[in-house]
Amino acid sequence: MSPKAPITQDVMTIPRKLPEGKVNLVGLTRDQLRAALIDHGTPEKQAKMRTGQIWQWIYQWGKRDFAEMTNLAKAYRAQLAEHFVIEIPEVVTRQVSEDGTRKYLCRIAGGHEVEVVYIPEDDRGTLCISSQVGCTLTCSFCHTGTQKLVRNLTAAEIVGQVMMARDDLDEWPTPGAPKDETRLLSNIVLMGMGEPLYNFENVRDAMKIAMDPEGISLSRRRITLSTSGVVPEIARTAEEIGCLLAISFHATTDETRDVLVPINKRWNIEELLGVLASYPNVSNSERITFEYVMLDGVNDSDDDAHRLIDHIKRHKIPAKINLIPFNEWPGAPYKRSSNNRIRAFANIIYQAGYASPIRKTRGEDIMAACGQLKSATERARKSRKQIAAEAGLDGS
Ligand code: SF4
């Protein structure tokens with residue numbers, strides 16, 4: 001079936017330049033923000049209060065212009081504007097699917113691009129954000145795995161994705177207006193491009209900002225970090241972030257997992273399960289999500305389903321298993337399991353007493369599988385260049 005055209009696609013190409021010498025306040029922890037203010041002339045005695053005020057303007061009210069920070073003296077606002085900026089990633093393309101899924105390609109410093117996907121559901125709205133440009137890991141079913149790691153995102157670029165989406169959803173509250181508890185963007189999943197635990201400090205700082213009660217104020221239970229299984233960093237995630245955890249599990253034997261999720265060669269299934277068993281107690285969180293992409297004839301047998309249950313039971317891990325119909329991308333080496341196969345697999349898990357939701361495929365018309373929009377945009381650019389070259393024109 002040929003992909004349907006997206007409902008809308010906007011292309012924005014506003015150049016992104018950080019004015020020389022200015023410091024971006026986005027992504028700084030409260031302590032870093034305070035230190036930056038003192039460094040640039042805020043008297044130490046006032047710094048704590050100013051930090052709180054500026055923090056609220058940025059993260060609670062979504063303001064980007066110091067001139068709008070009306071509880072600060074005019075001269076002080078001018079002083080801030082001289083030294084600082086409030087900068088978030090710039091949206092390059094934005095696509096809205098028939099089902100309401102929104103997919104953004106965002107440009108960050110250095111001209112790199114990352115993907116962000118917003119998925120609205122009846123009772124929640126989830127934003128899937130990226131933590132790296134490309135990825136060092138090479139999970140064979142994953143499209144991002146075909147793109148080399150370029151660099152880690154900064155904390156500003158990570159929390160900036162959330163701010164960008166709130167802009168697009170027009171969801172910043174107005175100072176003084178009654179608090180609205182129904183949120184369009186209610187959940188964050190770190191499931192976009194990259195392995196978040198290979199960019200731990202920036203991910204932690206960004207999520208701490210997203211959780212801060214005087215700002216974006218998302219509960220830690222509404223943030224899920226998805227890892228391919230960087231075992232030494234998992235306990236740290238519980239202690240220093242405290243969010244929910246999802247594991248890209250995808251296979252029930254080391255032999256298969258070594259191929260699908262090659263980090264398994266470093267930390268195998270038993271080591272991974274061992275560290276997961278203690279996660280919920282440390283972070284006081286709920287169940288761990290086991291993500292399991294359904295690949296035809298590779299990992300989808302009844303035996304696989306039984307083995308999966310056995311692994312989880314043996315280690316007494318409170319778990320739910322998220323079954324993901326494979327979102328085929330051009331050149332992918334796998335096929336999606338049939339619906340019947342997925343249902344039979346889900347049933348075995350369900351009968352064993354575990355939740356086994358089958359993820360709805362969302363945004364297929366806009367290629368919402370991780371890494372696909374970036375590649376398609378690059379291909380489109382390349383072909384524009386080729387066409388121009390053939391016609392003897394400048395392709396830029
Ligand atoms: S699944 Fe995650 S960790 Fe694996 S290659 Fe893709 S982005 Fe990287």
Side-chain angles (χ1 to χ4, degrees), residues 103-106 108 112-117 119 126-153 157-158 161 188-200 202-203 206 223-234 237 243-251 254 256-269 271-272 275-276 288-295 298-299 321-334 336 359 361-363 367-376 378:
K103 182 148 183 164
Y104 312 91
L105 191 65
C106 295
I108 56 169
H112 306 302
E113 287 161 350
V114 290
E115 297 178 355
V116 185
V117 181
I119 304 157
T126 303
L127 191 71
C128 178
I129 62 176
S130 295
S131 56
Q132 298 182 309
V133 185
C135 188
T136 37
L137 305 177
T138 49
C139 303
S140 54
F141 62 90
C142 169
H143 200 254
T144 301
T146 63
Q147 300 164 16
K148 280 209 183 102
L149 177 73
V150 178
R151 71 166 171 86
N152 282 339
L153 298 195
E157 290 161 346
I158 298 169
Q161 295 170 57
I188 295 175
V189 293
L190 281 141
M191 266 180 212
M193 299 168 72
E195 165 52 66
L197 295 188
Y198 277 158
N199 186 14
F200 189 90
N202 287 321
V203 166
I223 298 176
T224 303
L225 183 149
S226 170
T227 177
S228 57
V230 184
V231 164
E233 303 289 353
I234 287 177
T237 307
C243 58
L244 303 188
L245 193 68
I247 302 293
S248 282
F249 203 67
H250 309 312
D254 282 327
T256 307
R257 197 162 190 271
D258 281 353
V259 176
L260 295 181
V261 190
I263 200 174
N264 195 67
K265 292 182 201 156
R266 184 107 178 254
W267 296 289
N268 66 18
I269 289 178
E271 284 175 279
L272 177 57
V275 75
L276 293 183
I288 291 176
T289 302
F290 282 68
E291 292 158 20
Y292 200 94
V293 65
M294 297 297 292
L295 304 172
V298 175
N299 63 354
I321 293 95
N322 228 348
L323 299 177
I324 308 164
F326 180 51
N327 204 347
E328 289 173 31
W329 36 273
Y334 304 109
R336 178 186 298 185
R359 190 185 291 173
T361 47
R362 300 291 303 257
M367 297 179 294
C370 156
Q372 286 189 42
L373 179 63
K374 182 162 184 270
S375 296
E378 275 164 8

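Starting from 1, each residue takes its place in the sequence as its number. In listed order, ligands and their atoms are each counted from 1.
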_Minimum non-hydrogen distance to atom 7 (S) of ligand 1, winning option of Cys139, Gly134, Gly194_ = Gly194

_Residue Cys142 vicinity, atoms of ligand 1 by number, heavy atom under 4.0 Å_ = 1 (S), 5 (S), 6 (Fe), 7 (S)

*Between the side chains of Asn202 and Asn152, is a donor N or O closer than 3.5 angstrom to an acceptor N or O?*
no

*Nearest 0.5 Å, what's the CG-CG distance between Leu190 and Leu197?*
9.0 Å

_Which segment of Cys135 sits under 4.0 Å of ligand 1 when only heavy atoms are counted_ = side chain

*Using the six-membered ring wherever Trp is involved, compare the ring planes of His250 and Tyr292 and label them parallel, tilted or perpendicular (cut-offs 30° and 60°).*
tilted

*Roughly how far, to the nearest 0.5 Å, is the OG atom of Ser130 from the CD atom of Gln161?*
5.0 Å

